[in-house]
Every structure is written in structure tokens, then in C-alpha cells.
Amino acid sequence: MSLRPKILIVDDNISNILVIEEVLSDLDVELIRAKSGKEAIEHTKNHEFALVLMDVQMPGMDGFETVEIIREDKTNLLLPIIYITAIYNENYYRTKGIKTGAVDFITKPLIPDLFIGKVTLFVNLYKQRIILEEEVQKRKEAEEEMKLARDEAREAARAKQLFLSTMSHEIRTPLNAIVNTAKLLKEENPRPDQKEDIDILEFSAENLLHLINDILDFSKIDAGKIEFEAIEFEIRKLMNGILQSFDYQATQKEIALEFKVSQEVPDVIVGDSARLSQILINLVGNAIKFTDHGKVLVETDLLSENGKEIKLVIRVSDTGIGIPEDKLNFVFESFTQASSSTTRKYGGTGLGLAITQKLVELQGGSIEVKSEVGKGSIFSVTMPFIRSEKDHLEEDMLMKSTFHSLAGLRVMVVEDNLVNQKIVTKFLMKWEVTVDVAENGKIAVEKARNNVYDLILMDLHMPEMNGYDATLEIRKMENNPNKDLPIIALTASAFIEDREKIYTYGMSGYIIKPFNPSELYWKIAPFLRT
């Protein structure tokens, strides 16, 4: 409290004011004089007082009238006022004083100790009130600052989400063309020397896709928006698929790549197979990247079993460069590698292990590392799963590589990117699908009014009219066979919110770019009219 409390002394007799000032001289207060009721009223309009000492009998306007006018100002309703009077014992004045809101009466002549005690009491009450008001104000300001910071954080999160969603679309769209052009070239019986170039092209594009996915996953984990599935999958098939995906890379570096799954591990388990694949891809990819000779070994063992609940331990060991002991505690931190020279020589974002640790821990597992410089590293992942009652699963349609003719299926491809138009059209025509192309949502709506289709593949981000609005317009069509036909979104966004929005706008499903040709085939094949 920066200023001293103010006390207003109201008395028409200057001698009485001087006596009161003398008695209160030791108090840390500011004393202000008023020699009439009118002057007192003016002071209360211009100052905040801790206490008013009001004489009752004054010429012109007595103390009671003065207090009644002071009370008319709402800011003075609770202002403590003590009457100083020589007529305290007369009931009329006592009653009138109470009605005006006096807190006390003090008779003349003053008893100094009693008077100082009463004044000190109200001064202290005033000080406490001011302290409380300042504290309340500070809390209000703090709450406002927190609200502002929270709003800014939300806005920043929205801006980041929009940026990542836009960048995801802009990068994945040309990447879709690269990945699927490589797949088309491999199906056209290339020469051995061409096949090697195509393999390099495909591998490089998939590496770029992994980097993009790492950044997006890191953002989703950071925002607490990561989700996990619980589906049945065959762990040995999953391991074999990862082995095959890294076989080319290991062969190029002339290192051995081995996967071993112990007999105790069930064939079919329940968990998030996609996230397990992501974890293993990060660990195996790192092991191969940092190993120049020797081998990379992936071993899976049953650690414990409690009813249907099982715990698996997966060890990824390598004979690579190893990690210094003083760096082991930092390998799971974001954007961190063992040293700057490691980053320069081997590349990478430094996000892989940070994401891996989060994915493991969010599923109730744990990860640890042991390493020795020059001898290699061992990453051990312990994760819970559920034992399935099945011994095997029916073949996943997306894993099938043989495609039958879809002759008779009429599909409209709505895509503004010319390269992606051609990529999707080429795959569809290989399956003998009748294809019509629309460059944007506005053209797609017009074509839907005048033609009959079995299915629409709808890009979401387009000029003129986007895929969301185009879908709404098609769904509004009356007496049109295309009103209720399946519309599958072609999207480069990997965000959950965008996928939910797809269904909100009346679409039947989605395919994420870069798309797998098998996924595209088995998404549209059920709509063939037989």
C-alpha cells in the first residue's frame, strides 16, 4: 500500500481539530480538515478515506445532514463515520446517528487512549481491506493473463495444426505421384538396370514419407491427440513385412538382417499393429543406418503371461557405432542425436527415438537402451498385448497383390493436380474401370447432375470449390441417382480432425495419399455391380 490512510476531521471549531490532530499525531495516517459540512462533502468526492470524525453540532448544516448527503454517493455507503459530540446521552441524537450509519459515538472531552484505540481499529480494518482488494485485483489480473495465455496457446495450436495440415497436403500430393509412379514403372517389366533405379526412387520416396510422418506424429503426440487401435494381427507376418521392407537397404550396406520370434509367442495377438510397425521401423531403420558392418538382429520373446494378457520383449541389436555412455540419457529427447557429427554423417531429424519412446509408453510399455562405443547398441521394448483365441487370420484384402478386372465400374476422379489425375486414372484403367475426370469440385457437381456413376473419388483441397462443399452439393440433389452414391475422399491429411470432418460432410470413407494401390483397389472393388 503506497499511500497513507486518510482521516477526515470535520469540525467548525479549529481548536477541536487541532486537539484531535495532536492526539493522533503518532499514527501513520494523513489528516485532512473540513470546517463545514459542505467542505466535508467535497473532500469525500475527491478522496478515499479510512475514517471520518464528524462533529454533530455545526452551523448551517449539522453532522447528521452532512452524513446523509455523503451516503448518497454509493462509493461512501460503507465509509466508517464516528460522531464526536457532547450530546451522546440524548436518545434523539443517538437514534438519528444510528440511522445515518454511524459506527460509534465519542463524547467530548476526548479520552486519548480510548480515542486512539478506536481510530487505530478502523485504520487497520481499512488497511486490511485495501490489501485484500489489491490481492483480489492481482488474482484477477493473473486470471486474465492466464486466460490470454491460454487463448494464445490455443490459437498457436490451431495455427500449427493448420500449417501442418496444409504442409502435409502440399508435400504428400507430389509424393503420391512419385511413390505410385515408381510402382507403375515396376509393373511394366523394366530392365534389370532400370529396376535398380526404380527401387532407389521408391526407397527414397518412402524415406521422405517416413520423415513427414515423424513430424506429424510428433505434433499429434505433443497435442495429446494420438489414438491407438486394438485389432487382431499376426505378429510373424508383421515382422516378415518389416524384414522385407529393409532387405534392400541392408543388402546395399552388405550387413546381415535377421528376425527371430520365439515359439512361445502366440501367432495372433491384439494390439495396434500400425504403431508397433512404426516403433520397429524406427528402431530397425536406426540400427541399419548406424551399422556399417556386421548385422542387425530383431528378437521377440514372451516375457510374461497373465490369463489373456501377455507381455512381449522385442530387442533390436546391432554391431554399429554405438552410443557414448554420457549420451545414453539423451537419445530419447526430441531433435537430439549423439553428436553434431552424427547428424552431418547420417542425417535424420532426431525425432524417431523420441516418438518411439512416447508410442511405447502411451501403450503402457517401456523402452531402454544399452550401448558401447564401437561395439553396437541394444534397444529393448517391453509392451503389453492380448492373446487372441485364433490361430490365424483370413488374408487381409489390402495385402492381396492380384487384382481382378473391375470392368463395368464407373468412377469419377475429382482431382486438381494433373499428375495425380494421371496416376489414379492409370491404376483404375489397369483394372478396366471406366474413368471420368473433374478438375475441381464445381465441375464435379455439374458432371454428377448429368451423368451416372458408381463411385466418386474426391480430392479435398481444390480451387473453385473444395471436396467438402462439392460433396454437400451432390448430397442435396433431388431426383438424381448420384445423390446417395459412395464418395471416398482422397486426402493428404493425416490428422484425426480432418478424418472426422470427412464423415460429417457425408463422405463414405477416405484414402490417404500417398495411397497404396491395394488399398485403392479394395476400397472401390465392393461397388462393382454384378
Can you tell me if [atom1] on [X] sees more than 12 non-hydrogen neighbours from other groups inside 6.0 Å?
{"X": "Glu135", "atom1": "CD", "value": "yes"}
{"X": "Lys483", "atom1": "NZ", "value": "yes"}
{"X": "Glu305", "atom1": "CD", "value": "yes"}
{"X": "Met477", "atom1": "CE", "value": "yes"}
{"X": "Arg150", "atom1": "CZ", "value": "yes"}

Residue pair [X] / [Y]: nearest heavy atoms and the distance that separates them:
{"X": "Lys523", "Y": "Ile488", "answer": "O-CD1, 3.8 Å"}
{"X": "Ser262", "Y": "Leu302", "answer": "OG-N, 3.9 Å"}
{"X": "Asn440", "Y": "Met462", "answer": "CA-SD, 3.7 Å"}
{"X": "Asp247", "Y": "Thr251", "answer": "O-OG1, 2.7 Å"}
{"X": "Ser508", "Y": "Arg475", "answer": "OG-NH2, 4.0 Å"}
{"X": "Gln363", "Y": "Pro384", "answer": "O-CG, 3.3 Å"}

Side-chain contact, heavy-atom cut-off 4.5 Å: [X] with [Y]?
{"X": "Leu359", "Y": "Phe228", "answer": "yes"}
{"X": "Tyr510", "Y": "Tyr503", "answer": "yes"}
{"X": "Pro266", "Y": "Ile269", "answer": "yes"}
{"X": "Ile386", "Y": "Ile310", "answer": "no"}
{"X": "Pro486", "Y": "Leu455", "answer": "yes"}
{"X": "Leu393", "Y": "Glu232", "answer": "yes"}
{"X": "Asp454", "Y": "Leu485", "answer": "no"}
{"X": "Gln421", "Y": "Asp459", "answer": "no"}

Listed by chain and number, what are the salt bridge (charged side-chain N to carboxylate O under 4.0 Å, His left out) partners of [X], not counting sequence neighbours?
{"X": "Lys442", "result": "none"}
{"X": "Arg449", "result": "Glu446"}
{"X": "Glu464", "result": "none"}

Under a 3.5 Å distance rule, please check whether [X] uses its side chain to pair with a backbone N or O of [Y] as donor and acceptor.
{"X": "Asn466", "Y": "Asp469", "result": "yes"}
{"X": "Tyr521", "Y": "His404", "result": "yes"}
{"X": "Thr319", "Y": "His293", "result": "yes"}
{"X": "Lys295", "Y": "Glu258", "result": "no"}
{"X": "Asn451", "Y": "Lys447", "result": "yes"}
{"X": "Ser245", "Y": "Ile242", "result": "yes"}
{"X": "Ser371", "Y": "Gly376", "result": "yes"}
{"X": "Lys260", "Y": "Val298", "result": "no"}
{"X": "Gln194", "Y": "Arg191", "result": "yes"}
{"X": "Asp318", "Y": "Ala287", "result": "no"}

(Q) Looking at Phe332, I'd like to know if the NZ or CZ of Lys358 sits under 6.0 Å from its six-membered ring centre while staying within 45 degrees of the ring's axis. (A)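 Judged by the rule (NZ or CZ under 6.0 Å from the ring centre, within 45° of its axis), Lys358 is not positioned above Phe332.
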Q: With Asp267 as reference, evaluate Lys390, Arg236, Arg387 under the salt bridge (Lys or Arg N to Asp or Glu O under 4.0 Å) test and give the passing residue.
A: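 Passing option: Arg236.
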(Q) Checking side-chain contact (heavy atoms from CB on, under 4.5 Å) between Ile367 and each of Ile314, Ile279, Thr356, which is the one that passes? (A)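 Filter result, single survivor: Thr356.
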To the closest 0.5 Å, what do you measure between [atom1] ([X]) and [atom2] ([Y])?
{"X": "Asn482", "Y": "Ile456", "atom1": "CG", "atom2": "CD1", "result": "6.0 Å"}
{"X": "Thr471", "Y": "Ile487", "atom1": "OG1", "atom2": "CD1", "result": "4.5 Å"}
{"X": "Asn420", "Y": "Leu457", "atom1": "CG", "atom2": "CG", "result": "12.0 Å"}
{"X": "Asn240", "Y": "Lys237", "atom1": "CG", "atom2": "NZ", "result": "9.5 Å"}
{"X": "Lys370", "Y": "Ser377", "atom1": "NZ", "atom2": "OG", "result": "12.5 Å"}
{"X": "Gln252", "Y": "Glu254", "atom1": "CD", "atom2": "CD", "result": "9.0 Å"}

Q. Got a salt bridge between Lys426 and Glu188, using NZ or NE/NH1/NH2 to carboxylate O under 4.0 Å?
A.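 Glu188 and Lys426: not salt-bridged.
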Q.
What I want to find out is whether Glu389 reaches Lys308 closely enough, with some N-O distance under 4.0 Å, to be called a salt bridge.
A.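 A salt bridge is present here (some side-chain N lies under 4.0 Å from a carboxylate O).
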Throw together a table of side-chain donor-acceptor distances under 3.5 angstrom for residues 140-148, partners on residues two or more places apart or in other chains.
residue: Glu141; atom: OE2; partner: Gln137; partner atom: NE2; Å: 3.3
residue: Lys147; atom: NZ; partner: Asp151; partner atom: OD2; Å: 3.3

Q) Looking at residues at least two apart in the chain, or sitting in another chain, which of them share a ring-ring contact (aromatic ring centres under 6.0 Å, His included) with Phe233? A)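 Listed in chain order: nothing, the list is empty.
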Q) Run the side-chain contact (heavy atoms from CB on, under 4.5 Å) check on Val411 and Asp436 step by step: do they pass? A) CA-CA 6 Å; Val411 175; Asp436 195 4; over 6 Å; no
Q: Apply side chain to side chain donor-acceptor pair (under 3.5 Å) to Arg315 and list each qualifying residue two or more places apart in sequence or on a separate chain.
A: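 Checked Arg315 against side chain to side chain donor-acceptor pair (under 3.5 Å); matches are Asp301.
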Q: Show your reasoning for whether side-chain contact (heavy atoms from CB on, under 4.5 Å) applies to Phe379 and Leu353.
A: CA-CA 10 Å; Phe379 284 84; Leu353 289 177; 3.9 Å; yes
**Q.** side-chain contact (heavy atoms from CB on, under 4.5 Å) between Phe515 and Ile423, worked out
**A.** CA-CA 11 Å; Phe515 62 81; Ile423 293 293; 4.1 Å; yes
(Q) Run the side chain to side chain donor-acceptor pair (under 3.5 Å) test on Ser405 and Glu432 for me, step by step, so that the C-alpha distance in whole Å, both residues' side-chain angles and the decisive distance to 0.1 Å come before the verdict. (A) CA-CA 6 Å; Ser405 170; Glu432 300 182 313; 2.3 Å; yes
Q. Do the ring planes of Tyr505 and Tyr468 sit parallel (below 30°), tilted (30 to 60°) or perpendicular (above 60°)?
A.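 Correct class here is tilted.
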Q.
Quick one, Val373 with Ile321, criterion side-chain contact (heavy atoms from CB on, under 4.5 Å). Give me CA distance, side-chain angles, the key distance, then yes/no.
A. CA-CA 6 Å; Val373 174; Ile321 61 174; over 6 Å; no
